[in-house]
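Scroll down for the structure; my scribbles are underneath it.
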4 protein chains.
Amino acid sequence: MVAARKCFARNGFHQSSIADIRTVAGISSGTLFHYFPNKQALVLAIVASEGEQVALCLSQLAEIADCRDALNLLLQLIAELAADGDANALAIEIAAESRRDPDVRALAADNDTVLREGLEGLIRAGIARGQVSNTVDAALVAQWLMSWIDGVFSRVSVDLAFKPMDQLPLMRQLLDMVLTGGRVMS
Amino acid sequence: MVAARKCFARNGFHQSSIADIRTVAGISSGTLFHYFPNKQALVLAIVASEGEQVALCLSQLAEIADCRDALNLLLQLIAELAADGDANALAIEIAAESRRDPDVRALAADNDTVLREGLEGLIRAGIARGQVSNTVDAALVAQWLMSWIDGVFSRVSVDLAFKPMDQLPLMRQLLDMVLTGGRVMS
Amino acid sequence: MVAARKCFARNGFHQSSIADIRTVAGISSGTLFHYFPNKQALVLAIVASEGEQVALCLSQLAEIADCRDALNLLLQLIAELAADGDANALAIEIAAESRRDPDVRALAADNDTVLREGLEGLIRAGIARGQVSNTVDAALVAQWLMSWIDGVFSRVSVDLAFKPMDQLPLMRQLLDMVLTGGRVMS
Amino acid sequence: MVAARKCFARNGFHQSSIADIRTVAGISSGTLFHYFPNKQALVLAIVASEGEQVALCLSQLAEIADCRDALNLLLQLIAELAADGDANALAIEIAAESRRDPDVRALAADNDTVLREGLEGLIRAGIARGQVSNTVDAALVAQWLMSWIDGVFSRVSVDLAFKPMDQLPLMRQLLDMVLTGGRVMS
DNA sequence: GATGAATGAGATTTCATTCAT
DNA sequence: TATGAATGAAATCTCATTCAT
């Protein structure tokens, strides 16, 4: 499955033939279909594993006492992950594939919901603990962060000059301001 | 070709067969290949036409006297465009295809550069006219806006509950703050 | 399609690969699938063409003035057809395939009904014209003849020593007796 | 193997995969191939077991004192067996497979010969005992009965409205007449 | 210019069979 | 004996592209 990941990241789901994958994996086609009933199952397995990583990452962030620290760390993790070619490529492949395969879409939407609700949860926890202004609309801010996250992944892929890390200071200040509430809220 | 656009938006570049396209277009395969030497040319033509729309849009924005008005309008146009299913789908298809086909990537990168430099130009013009703080890093802000734009397109596609328009007030305030300079700059 | 017939008769539907058929037909696989969307369609086309032959044959028999002459001729035609290797082989293949593929079964059942009702019609016409005893149960006799017809096809295939023609005199006498009515009816 | 029988009857020899059979049998493929060297051996074993049943049935019929009683009983047994879905399906599968696999054909032909010669033997015994006219051509009548038997199996499979039992009275009268000799012989 | 029949390489998937454990 | 992971040949079907008409 690690081989499939590599192939898919490099060439995309539909441009990676079963022959490519089995060659990289060093197994026969029969063996491949012994473990995965069809190519879609392979794709779904990879989407699911991405989801597990998201969940794992969120559970670690949730243990950080200060909500702002947690979110700042998240921004940094995203910037790092976006710079990882394979992770980035897979994210875009999954987005594209979601448009066609309803099963992929469902799984990807689950992953997405986990992340978004995780962010929302972090913010709410921050409000509860008094670390974030109680005028903040947690759902809206979570959506805003999700846009940025998706955007960073996209940018890295499209614009070779884009360095996620360069965006961090600006985003941190904006996030700080948003969480502080004040004039910024809708 | 409007038929190809429809097919590509609906099913993706690789899932739309020539047969699909020629059926929707109501022409024979021979005729199709008379106008486009191969399938890739069809894809490139569509990517190019997207680019023309971007350029057209920017030229109109450049004529607006107040840089902030222009950028606010841009935010709104993006929010509207992202909500258009076909435009959104095509954007994602192009992003995915760019990862494999260098010709597509080159063309898409050109489109991207046009937009990014257009934004940067708007901001610089704003600085020159004194509408934007001269402490603002135009390139950085343009990149930040590009992230958000890409992110909004992505969000619409992934999260059915996401409404681009809901994000506008927040983004407008943030943009305003960023352009005003002050503490926000890196 | 004549090539497919040959292959199917020789090796059966599932033992004839597309490659076999296209080789015999002297065309490429692409061409084959240009005319038939899939292998099943090829099978169905052949089953349908068998049905047309049955209908044609029956329409000719229906024009014979004497019902007994018509039925006697039918017995002879069956005996001749059963001796034709390809026709015989196809009949058995169709019977076997009908057990699995509902579409084939439906078409084969149609063919079968046409023949059975044709026989019944011949007998009823004979009764109407006074050529056959009006104590005869036309449906039952038609069923009996159908059994014999199927049986002859089967026998030829299983028992190399079986000569359909040798059975004709016996069957003609039995048929004559049945149609004459008398003690024989149920 | 009872599981294989079930699968073969339901789906046919070539449509039943080894995986199907071993699942129904509740054993592993390794175990299956421990007992049967290959799939063909499984088919042959089933064909052979059919033959044993035929032989058993005949030996019981041979013990009946009156030849006509024995043959009448046989007609009834056939009508009952033909109505048994699995037995019927297998008979057709064997007929179809015989056309391709010489080993199957040889075994099936043996079974067939046993039955035909058994019938012939019953009739000859009847002649010897004076229960059947000595003008009767035993071989020919046996062939005629075999045709009917095969035909009944085929009819049941093709024509859902066909009830073997309905045919019995007619066949019994015809058989009676044939065995009595007289005008009916060739 | 327009057509659509023909091509054939290549894709996914199945399945009988083997063999190390 | 029993297992089931591994094999790889072969099957069906797709599709971008060509070219004679």
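A note on names: the letters A, B, ... follow the listed sequences, proteins ahead of strands, and every chain is numbered from 1. It should be emphasised that the depicted structure is a prediction, and the values quoted were computed from it without experimental measurement.
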- Taking atom CD1 of Ile27(B) and atom OH of Tyr35(B), what is their separation to the nearest 0.5 Å?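 The distance works out to 8.0 Å.
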
- Task: Working to the nearest 0.5 Å, report the span between CD of Glu50(D) and CG of Leu90(D).
- Result: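 Rounded to the nearest 0.5 Å, the CD-CG separation comes to 5.5 Å.
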
- Message: By nearest heavy atom, map Gly26(C) and His34(B) onto DNA chain E; which one lands nearer the 5' end?
- Response: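 Final value for this comparison: His34(B).
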
- Query: Is there a donor-acceptor contact under 3.5 Å from the side chain of Ser98(D) to the main chain of Ile94(D)?
  - Reply: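 Here the side-chain-to-backbone pair exists.
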
- Donor-acceptor contact below 3.5 Å, side chain Thr113(D) vs main chain Ala109(D):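 A pair under 3.5 Å: yes.
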
Rounded to whole Å, please give me the gap between [atom1] in [X] and [atom2] in [N].
X        : N       : atom1 : atom2 : answer
Arg22(D) : dA5(F)  : CZ    : C1'   : 11 Å
Ile27(D) : dT3(F)  : CD1   : P     : 8 Å
Leu32(B) : dT17(F) : CG    : P     : 10 Å

N-O pairing of [X] and [Y] below 4.0 Å:
X         : Y         : result
Arg105(A) : Asp112(A) : no
Arg5(D)   : Asp86(D)  : no
Glu93(B)  : Arg10(B)  : no

Using atom names, set out every protein N or O paired with an N or O of nucleotides 11-15 of chain F below 3.5 Å, distance rounded to 0.1 Å.
{"unit_1": "dT12(F)", "atom_1": "OP1", "unit_2": "Lys39(C)", "atom_2": "NZ", "d": "2.6"}
{"unit_1": "dT12(F)", "atom_1": "OP2", "unit_2": "Ile18(C)", "atom_2": "N", "d": "2.7"}
{"unit_1": "dC13(F)", "atom_1": "OP2", "unit_2": "Lys39(C)", "atom_2": "N", "d": "2.9"}

- Quick one: stems involving DNA chain F, counted as three or more successive Watson-Crick or G-U pairs, both distances short of 3.5 Å.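 E:2-21 with F:2-21 - these are the stems of 3 or more pairs that involve DNA chain F.
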
- Query: When Val43(D) is tested against each of Asp103(D), Leu107(D), Val104(D) for side chain to side chain contact (heavy atoms under 4.5 Å, CB included), which residue passes?
  - Reply: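 Considering Asp103(D), Leu107(D), Val104(D), a side chain to side chain contact (heavy atoms under 4.5 Å, CB included) with Val43(D) is found only for Val104(D).
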
- Which part of the nucleic acid, if any, lies within reach of Tyr35(B) when heavy atoms closer than 4.0 Å are counted: base, sugar-phosphate only, or nothing?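 Counting heavy atoms under 4.0 Å across all strands, the contact made by Tyr35(B) is with sugar-phosphate only.
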
